Protein chains: 2
Amino acid sequence: MDLFVSKYINKIDKKGRVSLPSSFRNVLPKANRNEIILYKSIKTPSIEGCGVGRLQEIAKRINNLDFFSEDYDDFSTSIFSEIITTNIDKEGRFLIPEELKLYASIKTEAAFFGQGHYFQIWEPKKGLKNTEDSRRRLLKEKKSLRMMLTQQK
Amino acid sequence: MDLFVSKYINKIDKKGRVSLPSSFRNVLPKANRNEIILYKSIKTPSIEGCGVGRLQEIAKRINNLDFFSEDYDDFSTSIFSEIITTNIDKEGRFLIPEELKLYASIKTEAAFFGQGHYFQIWEPKKGLKNTEDSRRRLLKEKKSLRMMLTQQK
DNA sequence: CATATACCCATTGACGCCCATATAATCCCA
DNA sequence: TGGGATTATATGGGCGTCAATGGGTATATG
């Protein structure tokens with residue numbers, strides 16, 4: 001499996017270390033299995049993460065923008081300076097930078113949610129609530145979608 | 001990782017020395033790991049820096065501008081004539097020239113912002129505000145930033 | 001000779017590496 | 001197929017190493 005799936009709740013120890021779920025570690029390419037990137041989620045109070053390979057793609061994409069344009073600087077600043085690389089130790093653990101923990105209100109436990117090509121890290125309660133909310137939104141939309149489809153003009 | 005990412009705030013000591021963040025040092029080619037170039041950012045009150053190898057890339061970018069445009073001369077002059085090379089000592093520290101410190105209002109602390117193939121040095125408060133402003137500008141076109149981060153291939 | 005810069009050494013705290021344990025998952029063979 | 005044995009995962013803690021920082025001294029450069 002080469003996708004981040006399922007959810008896990010792991011403890012953060014005194015040193016601030018937390019285990020990246022084993023199944024997530026296996027998604028990382030064997031070459032760079034000991035490093036991940038983390039950044040603030042744009043839409044939610046959570047942290048998003050993935051392997052460093054994605055960083056190369058992002059760099060390439062930004063590099064293709066007009067070097068002297070304002071967008072170039074904005075993207076470059078918002079993405080590169082906000083991304084944090086962190087190392088995974090021999091036991092599969094890593095450190096969540098203080099700034100990111102604050103952003104996500106994470107203290108003693110971290111909830112990992114697979115999102116396919118990336119994953120999210122939440123404060124457990126917030127994460128579970130977010131899952132419920134998402135599901136509720138989906139059901140609501142589905143319902144209205146069905147109405148739209150069956151409704152007679 | 002061969003890109004400048006993340007941000008760091010380091011102190012400038014009495015002698016004017018400041019540590020180049022360790023992760024930035026590792027981006028520099030092993031051959032010229034003890035030398036960087038610095039120049040005034042064109043669009044912001046900050047200093048930009050990178051390894052000496054990047055000079056070639058900058059030259060190429062400028063060459064791609066219309067040779068007869070005003071921009072060509074302006075960029076060419078403002079960048080090349082202002083470039084300063086600086087040595088990094090055994091402990092990974094270097095001196096920021098007085099003129100550049102003035103330009104960026106840097107006094108006792110320097111904030112390093114990764115920008116991919118180069119980095120910026122800011123007076124901490126100004127730098128953080130700049131990051132916020134950049135993000136705010138981009139969020140108006142919310143989709144683009146999100147796409148940049150999560151898009152596949 | 002005076003100032004600036006490079007080199008050397010020291011300190012502190014953070015982080016990586018190593019070892020250890022408990023629980024859970026898997027295996028393997030009778 | 002049952003049940004002990006092996007392996008893997010999550011977690012805890014000791015300790016050495018490295019990064020950031022401070023300061024003394026030699027050296028250079030005008």
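Every value quoted in this text rests on a predicted model; they were computed, and no experiment measured them. Convention: sequence-line order gives letters A, B, ...; per-chain numbering from 1.
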**Q** What is the distance, rounded to the nearest whole Å, between atom CD1 of A:Ile96 and atom P of C:dA14?
**A** 18 Å

**Q** Is the shortest side-chain N to carboxylate O distance from B:Arg54 to B:Glu48 below 4.0 Å?
**A** no

**Q** Are B:Leu28 and B:Phe94 co-members of a hydrophobic cluster defined by side-chain heavy atoms under 4.5 Å apart?
**A**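 B:Phe94 and B:Leu28: one cluster.
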
**Q** Would you please classify the geometry between the B:Phe24 ring and the B:Phe112 ring as parallel, tilted or perpendicular, with 30° and 60° separating the classes?
**A**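 Perpendicular, since the angle between the ring planes exceeds 60°.
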
**Q** Check this for me, if you would: do B:Lys129 and B:Asp133 make a salt bridge, where the nitrogen-to-carboxylate-oxygen distance has to be below 4.0 angstrom?
**A** yes

**Q** Please report the distance, rounded to the nearest Å, between NZ in A:Lys14 and P in C:dA14.
**A**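 After rounding, the reported distance stands at 16 Å.
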
**Q** Between D:dG22 atom C1' and B:Lys15 atom NZ, what is the distance in whole Å?
**A**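 In whole Å, D:dG22 C1' and B:Lys15 NZ are 8 Å from each other.
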
**Q** Rounded to the nearest angstrom, tell me the gap between atom CG in A:Asp89 and atom P in D:dC15.
**A**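 One finds 18 Å between P of D:dC15 and CG of A:Asp89, rounded.
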
**Q** Could you check whether A:Glu70 pairs with B:Arg137 (Lys NZ or Arg NE/NH1/NH2 to Asp/Glu carboxylate O, under 4.0 Å)?
**A** yes

**Q** Going 5' to 3' through nucleotides 6-11 of chain D, assign each nucleotide B (protein heavy atom under 4.0 Å from a base atom), S (under 4.0 Å only from sugar-phosphate atoms) or - (no protein heavy atom that close).
**A** ---SSB

**Q** Counting distance alone, no hydrogens or angles: does the base of D:dG13 have a donor or acceptor under 3.5 Å from a partner atom on the side chain of A:Arg17?
**A**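 In this structure, the two groups form a donor-acceptor pair.
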
**Q** What is the distance from CG of B:Asn87 to C1' of D:dA28, rounded to the nearest Å?
**A** 14 Å

**Q** Rounding to a whole Å, what distance do you find between B:Asn34:CG and C:dT5:P?
**A**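 Nearest whole value for this atom pair: 17 Å.
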
**Q** If each of A:Thr86 and B:Lys90 is mapped to the nucleotide of DNA chain C with the nearest heavy atom, which maps nearer the 5' terminus, i.e. the 5' end?
**A**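 Counting from the 5' end, the first nearest nucleotide belongs to B:Lys90.
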
**Q** Do B:Ile83 and B:Phe119 belong together in a cluster built from hydrophobic side chains that touch within less than 4.5 Å?
**A**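 B:Ile83 and B:Phe119: separate clusters.
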
**Q** Taking atom P of C:dC7 as reference, at what distance in whole Å does atom CD1 of B:Ile88 sit?
**A** 12 Å

**Q** What is the distance, rounded to the nearest whole Å, between atom CD of A:Glu35 and atom C1' of C:dC15?
**A** 15 Å

